Number of protein chains: 2
Amino acid sequence: MLHLTISQGDGVPIYLQLVRQIKTLIATGRLKPDGELPPVRVLAQQLVLNPNTVVRAYRELEVAGLIYKKRGAGTYVSSEVTPYTDAECRRILAERADALVVEGLNLGYDEDKLVALLRERHKTLRRDAPDEEGA
Amino acid sequence: MLHLTISQGDGVPIYLQLVRQIKTLIATGRLKPDGELPPVRVLAQQLVLNPNTVVRAYRELEVAGLIYKKRGAGTYVSSEVTPYTDAECRRILAERADALVVEGLNLGYDEDKLVALLRERHKTLRRDAPDEEGA
DNA sequence: TAGATTGTGTCACTGTTTCGATACAATGAC
DNA sequence: GTCATTGTATCGAAACAGTGACACAATCTA
């Protein structure tokens, strides 16, 4: 039973809220590789959404290489990582990092302060994640 | 003469391209506090845009507290920083940091690798900035 | 095979966003 | 005061995004 929270009227599209939360669940290990995600209709009913909205979220996650689908069977977390090359990964993350740096500088955060924040957020996100099981 | 580059058909709205680039110019000191920005019509003509598009970009920057406008006179870079409280700044940046961490984890970047990337991007952004003049 | 379950595809409605045309209002220079 | 310059406000057209209704197709289970 996935623990997801949807805010209907906060401006952020529902499908995007789903994408972000599921991305986080995967990143932090709460959703394990080859783990099963709820069928679109089930999740839609749980969250009182149109199934299409869940479909859209799942599709975005599939394009990002984070999940895969088997028709008639279900939807699962990918065990392989990312369909992107190293260079592409780097470009994607550099873009995000640039945005953080620029926003930070304009809000009075210098390099060290940003690094400290980044490390703290990393720890916080990891905090409630399940223990890493020895592979 | 501001150096800005606009891509007409790349999906990113023109006004947003303006906002981002000007934010970067301010963050890296290429636009100095109380420095003057081009009048909306002038910038619009330079970039072959509708003046309204520039207006929109300027308004967003004003809301963010980065510039201020004087009717009949012109538009200038703010010397004060941010209309946000410390807590608000932190929340804004934490949100961006979270996104970077999640994306990073899903692309195989651990904490140290992300920090290294962040530091490198910070240096790169600063590289071509004008020298800091002793205040 | 039969039927339930799962994802897929298509269409349409609605509101928002983006961009542009054009007129208005305040300020500065003279 | 006059006039050019600067930002402001309003309206509209076109494209896009978000959501929903509903029918289709593949797979699994019995």
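Bear in mind the structure is a predicted one, so any value in this text is a computation, not a measurement. Excluded from the calculations below are hydrogen atoms, water molecules and symmetry mates; all remaining heavy atoms, backbone and side chain alike, are included. To find a chain, count down the sequence lines: A is the first, B the second, and so on, and within it residues start at 1.
Qualifying salt bridge (Lys or Arg N to Asp or Glu O under 4.0 Å) partners for B:E88, counting only residues two or more places apart in sequence or in other chains: none. Every salt bridge (Lys or Arg N to Asp or Glu O under 4.0 Å) that A:R91 has, sequence neighbours left out, goes to A:E95. Under the salt bridge (Lys or Arg N to Asp or Glu O under 4.0 Å) criterion, B:R90 pairs with A:E120, not counting sequence neighbours. With sequence neighbours excluded, no residue forms a side-chain contact (heavy atoms from CB on, under 4.5 Å) with A:R41.
Across the protein-nucleic acid pair, B:Q45 atom CD and C:dA21 atom C1' stand 16 Å apart, rounded to whole Å. What separates CD of B:E60 from P of C:dT17 is a distance of 11 Å, to the nearest Å. Rounded to an integer number of Å, the gap from OH of A:Y76 to C1' of D:dT27 is 10 Å. The nearest whole Å value for the distance from the CG atom in A:L43 to the P atom in C:dG7 is 10 Å. Between A:N50 atom CG and C:dC13 atom C1' there is a gap of 13 Å when expressed in whole angstrom units. The CG atom of B:D10 sits 15 Å away from the C1' atom of C:dC19 (whole-angstrom rounding).
Between the side chain of B:T75 and the main chain of B:L37, no donor-acceptor pair closer than 3.5 Å is present.
The hydrophobic cluster containing B:L4 also contains B:I67, counting ILVMFWY residues as joined when their side-chain heavy atoms lie under 4.5 angstrom apart, directly or transitively.
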field: Sequence-aligned protein contact record of nucleotides 4-12 of chain D, with B where the base is within under 4.0 Å of a protein heavy atom and S where only the sugar-phosphate is
entry: --BBBBB--
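Using a 4.0 Å cut-off, some side-chain N or O of A:T53 falls inside it from OP1 or OP2 of D:dG20. Using a 4.0 Å cut-off, no side-chain N or O of A:R56 falls inside it from OP1 or OP2 of D:dT19.
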Side chains of residues 101-111 of chain B: which donor-acceptor partners sit under 3.5 Å, not counting sequence neighbours?
residue : atom : partner : partner atom : Å
B:E103  : OE1  : A:K23   : NZ           : 3.4
B:E103  : OE1  : A:R96   : NH2          : 3.4
B:N106  : OD1  : A:A27   : N            : 3.4
B:N106  : ND2  : A:K23   : O            : 3.2
B:D110  : OD1  : B:D112  : N            : 3.3
B:D110  : OD1  : B:K113  : N            : 2.8
B:E111  : OE1  : A:H122  : ND1          : 3.2
B:E111  : OE2  : A:R119  : NH1          : 3.0
B:E111  : OE2  : A:K123  : NZ           : 3.2

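When the C1' atoms of four end pairs are superposed on the next four at each end of the helix from C:dT1-D:dA30 to C:dC30-D:dG1, using five pairs per end, the two resulting axes differ in direction by 30°, to 10°.
Applying the salt bridge (charged side-chain N to carboxylate O under 4.0 Å, His left out) rule to pairs touching residues 60-73 of chain A yields A:E62-A:K69, sequence neighbours excluded. Applying the side chain to side chain donor-acceptor pair (under 3.5 Å) test to every pair with at least one member in residues 6-19 of chain A, sequence neighbours left out, gives these pairs: A:D10-A:Q17, A:Y15-A:R56.
Cluster partners of B:Y76 are B:Y68, counting Ile, Leu, Val, Met, Phe, Trp and Tyr whose side-chain heavy atoms approach within less than 4.5 Å, directly or via other members. Listed by chain and number, the hydrophobic cluster partners of B:M1 come to none, as no ILVMFWY side chain reaches under 4.5 Å of it.
Across residues 12-22 of chain A, A:P13, A:I14, A:Y15 each have a non-hydrogen atom less than 4.0 Å from an atom of DNA chain D (numbered order).
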